[in-house]
Student: 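What follows is a structure written as structure tokens; I'll ask about it next.
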Amino acid sequence: MKTRFAPSPTGHLHVGGARTALYNYLLARKTGGTFLLRIEDTDRGRHVEEAVPMILADLKWLGIEWDEGIEAPGQAGPYRQSQRLPIYTGYVRQLIEAGLAYCSAEVAAEPDAAVPAAEGAKGPMGFRRPAQLPTKEQTLAALDGAAPAAIRFLCPGKDVTIHDEVFGDVCIPADQQEDFVILKSDGFPTYNLANVVDDELMGVTMICRGQEFLGQSWRQALLREALGFRTPLYAHLPLIMDMQGRKLSKRDGDVDVHSFRKAGYLPEALVNFIALLGWNPGGERERMSMKELVELFSPDRIGKSNAKFDREKLLAFNTDAGACADEDRLLVCFRDYLSLNETPIPGGDAGLLRRLLRINKGFRTFADIPARCGVLFKADTDYAFDEKAVVKVLVKGEPTGYAVLAEIRGELAGLAWEAPAIESWVEKFCAARSLGMGKVAQPIRVAVTGNTVSPAIVDTLVLLGREKTLARIDRCLAGKTV
RNA sequence: GGCCCCAUCGUCUAGCGGCCUAGGACACCGGGUUUUCAACCCGGCAACACGGGUUCGAUUCCCGUUGGGGUCACCA
């Protein structure tokens, strides 16, 4: 089996596209087939050149590797449609010669203009075939550049039935079809033509893509038939919606793979989560590695109904993945996270990073780490005191936190600055004054971080070091907390 | 609006005629653990859209209704 993912470079990879890529990858791996990556850059208006490397990077980060295509040359290249123009015009010429395509100077309608006009009307609207078709010679002349005109496919006018692995047989009636453009007036092919030609030439045998294409598959089926191409297997995927049930879009917050990477998510968590949007292995199994997904994936377990993208559940998957991953793996990902974000945490010291990972166990995303520990890496005079925290922990109560802190300051100065020593000192201190841990740890925490949240107090102090700890406590005691 | 598709807890879903007093996970609620936050542990709440059939028996099969989605570009 040969599958493919064929993104259009207009921006970062979207989670919907990522799932399509993942399923195609899984299908190929599962069957020992080939996964191909092709760039469909035929829309020069929306084209964003930088999007190409961005999409490749997003796929690699997810662990979705392709066997053939851009950056992995094979027999059927080039793998960018903009570099294959002569191939497409060759097939268009073939269609014109066969009397199956004609030129059309009609200007494109606005995308949404047709819909309101159709209210109350029956049947489809939009393009109408002219009563008098241009001659073959006129069309050929247009193709060769005589005048700017688009080339349309002459529909045979017959019902088309698509066999889909997910949705079964779906029939698109002839009266819903119309002559569609295959070559735009700028000389670039449309999706329908380029896609069909490339899939044939590149030997793609399984087309797995979003359900939005199912209702228009008749175009590709008709084109294949006219061109004498083979019929591939189809598997259309239910759509991914937002929590309101609307089409998932940027408006719902970040839905790009890259934004999750930058936000501190683990790729294995994202992969596991999106794999389950529209598919499941049956039973109660939910947590799966990429390797397990390859083993368990099966197109006949792909569902038919749309799924909502629940960020809460993704967060839970990430928390779990973070707890399960070994430290070496986490270190690699954490470094990646730091390289993408501005944080006070220095990224160069692997030992330090490992310590941070250890004392922050239970983190939800990597972003939790600078949120909890970032202040420890700032200058001792460069952090603010949270007013509510100061009042609650230092001012109120009897004895006050300030009073306890002053005592602590004195004892801390002479301590050996190692975790075990500090640990036992805290215990003894609490016991001696019959104070709860909270009454001791919290004042220290507020003094050295300005807030009530940080890793365990011993870890926090060891990480800070004696000098900085004392300097911060002194600053706090001096009353410079507001 | 035409056409196409879909329909189990709030969400992702298991279920492929009796195993279902409908299972799991996330979220939520309650409790526990605890030096903070998070994590963690235990318990709980919560669904077969509706109406007809078919059948000894329907969440499972059929039809209709309703609801939702997609599509109808010189975008992919």
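Labels below follow one simple rule: chain letters A, B, ... track the order of the sequence lines, proteins then strands, and each chain is numbered from 1.
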Student: Please enumerate all residues that pass side-chain hydrogen bond (donor to acceptor under 3.5 Å, both in side chains) together with Arg224(A), with sequence neighbours excluded.
Tutor: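 side-chain hydrogen bond (donor to acceptor under 3.5 Å, both in side chains) list for Arg224(A), sorted by chain: Tyr234(A).
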Student: Under 4.0 Å between any heavy atoms, over every strand shown, what does Arg301(A) touch: base, sugar-phosphate, or nothing? Just pick one.
Tutor: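 Contact class for Arg301(A): sugar-phosphate only.
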Student: Under 4.0 Å between a side-chain N or O of Lys361(A) and OP1 or OP2 of rA39(B)?
Tutor: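 The answer is no; no side-chain N or O of Lys361(A) sits under 4.0 Å from OP1 or OP2.
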Student: Quick one, Arg355(A) with Asp459(A), criterion salt bridge (Lys or Arg N to Asp or Glu O under 4.0 Å). Give me CA distance, side-chain angles, the key distance, then yes/no.
Tutor: CA-CA 9 Å; Arg355(A) 272 166 74 196; Asp459(A) 293 327; over 6 Å; no
Student: By nearest nucleotide on RNA chain B, pick out whichever of Gly438(A) and Leu214(A) is the more 5' one.
Tutor: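 Its nearest nucleotide lies further toward 5', so the answer is Leu214(A).
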Student: If we ignore angles and hydrogens, is there a donor and acceptor under 3.5 Å between the side chains of Tyr79(A) and Asp198(A)?
Tutor: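 Side chains of Tyr79(A) and Asp198(A): no pair found under 3.5 Å.
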Student: Taking only N and O in the side chain of Arg152(A), is any of them less than 4.0 Å away from OP1 or OP2 of rC74(B)?
Tutor: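 So the side chain of Arg152(A) is within the cut-off, an N or O lying under 4.0 Å from OP1 or OP2 of rC74(B).
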Student: I'd like to check the salt bridge (charged side-chain N to carboxylate O under 4.0 Å, His left out) partners of Glu292(A); sequence neighbours left out, ordered by chain and number.
Tutor: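 Listed in chain order: Arg285(A).
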Student: For Gly303(A), which contact category applies under a 4.0 Å heavy-atom criterion: base, sugar-phosphate, or nothing?
Tutor: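 Counting heavy atoms under 4.0 Å across all strands, no contact is made by Gly303(A).
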Student: Please write out each protein N/O paired with an N/O of nucleotides 65-69 of chain B under 3.5 Å, distance rounded to 0.1 Å.
Tutor:
| from | atom 1 | to | atom 2 | distance (Å) |
| --- | --- | --- | --- | --- |
| rG69(B) | O2' | Asn306(A) | ND2 | 3.0 |

Student: For nucleotides 58-63 of chain B, just jot down a letter per nucleotide in 5' to 3' order: B, S or -, based on protein non-hydrogen atoms under 4.0 Å.
Tutor: ------
Student: Atom CG of Leu296(A) and atom C1' of rA14(B): how far apart are they, to the nearest Å?
Tutor: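 Interatomic distance, CG of Leu296(A) to C1' of rA14(B): 15 Å.
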Student: Treating primed atoms plus P, OP1 and OP2 as sugar-phosphate and everything else as base, which nucleotides of nucleotides 19-31 of chain B get B, S or - for protein heavy atoms under 4.0 Å?
Tutor: ----SBBSS----
Student: Identify whether NZ of Lys or CZ of Arg in Arg19(A) sits under 6.0 Å from the centre of the six-membered ring of Tyr23(A) and within 45° of that ring's axis.
Tutor: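 Yes, a cation-pi geometry.
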Student: Touch check for Pro238(A), heavy atoms < 4.0 angstrom, all strands: base, sugar-phosphate only, or nothing?
Tutor: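 No contact.
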Student: Taking side chain to side chain contact (heavy atoms under 4.5 Å, CB included) as the definition, give me every residue that meets it alongside Glu423(A), ordered by chain and number, with sequence neighbours left out.
Tutor: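 Partners of Glu423(A) under the side chain to side chain contact (heavy atoms under 4.5 Å, CB included) test: Glu427(A), Val458(A).
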Student: Regarding Asp179(A) and Tyr102(A), is there a side-chain donor-to-acceptor distance under 3.5 Å anywhere?
Tutor: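 A donor-acceptor contact under 3.5 Å links the two side chains.
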Student: Could you list the donor-acceptor pairs under 3.5 angstrom formed by side chains in residues 5-16 of chain A, with sequence neighbours left out?
Tutor:
| from | atom 1 | to | atom 2 | distance (Å) |
| --- | --- | --- | --- | --- |
| Ser8(A) | OG | Glu40(A) | O | 3.2 |
| His12(A) | ND1 | Asp58(A) | OD2 | 3.3 |
| His14(A) | ND1 | Gly16(A) | N | 2.9 |

Student: What pairs of residues pass the ring pair (Phe, Tyr, Trp, His ring centres under 6.0 Å) test when at least one of them lies in residues 143-188 of chain A, not counting sequence neighbours?
Tutor: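 Pairs touching residues 143-188 of chain A that pass the test: Phe153(A)-Phe180(A), Phe180(A)-Trp218(A).
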Student: With sequence neighbours left out, what residues match Ser454(A) under side chain to side chain contact (heavy atoms under 4.5 Å, CB included)?
Tutor: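 Scan of Ser454(A) (side chain to side chain contact (heavy atoms under 4.5 Å, CB included), adjacent residues dropped) gives Arg445(A), Thr449(A), Thr460(A).
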Student: Return the residues of residues 15-22 of chain A meeting this criterion: a heavy atom under 4.0 Å from some atom of RNA chain B. Order them by number, or give none.
Tutor: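 Listed by number, there are none.
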Student: Using only side-chain N and O atoms of Lys439(A), determine if any of them is under 4.0 Å from OP1 or OP2 of rU36(B).
Tutor: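 Lys439(A) to rU36(B) OP1/OP2: no side-chain N or O under 4.0 Å.
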Student: Identify whether any heavy atom of Thr10(A) sits under 4.0 Å from a base atom; if not, whether one sits that close to sugar-phosphate; answer base, sugar-phosphate or nothing.
Tutor: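 The answer is nothing, as Thr10(A) stays clear of every strand by at least 4.0 Å.
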Student: Tell me, please, which residues at least two apart from Val395(A) pass side chain to side chain contact (heavy atoms under 4.5 Å, CB included).
Tutor: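 Expected list: Val390(A), Tyr402(A).
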Student: Contact class for Phe213(A) (heavy atom, under 4.0 Å): base, sugar-phosphate, or nothing?
Tutor: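 Base, at least one base heavy atom under 4.0 Å.
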Student: State which residues pass side-chain hydrogen bond (donor to acceptor under 3.5 Å, both in side chains) with Tyr337(A); sequence neighbours excluded, sorted by chain then number.
Tutor: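 By the side-chain hydrogen bond (donor to acceptor under 3.5 Å, both in side chains) rule, Tyr337(A) matches no residue at all.
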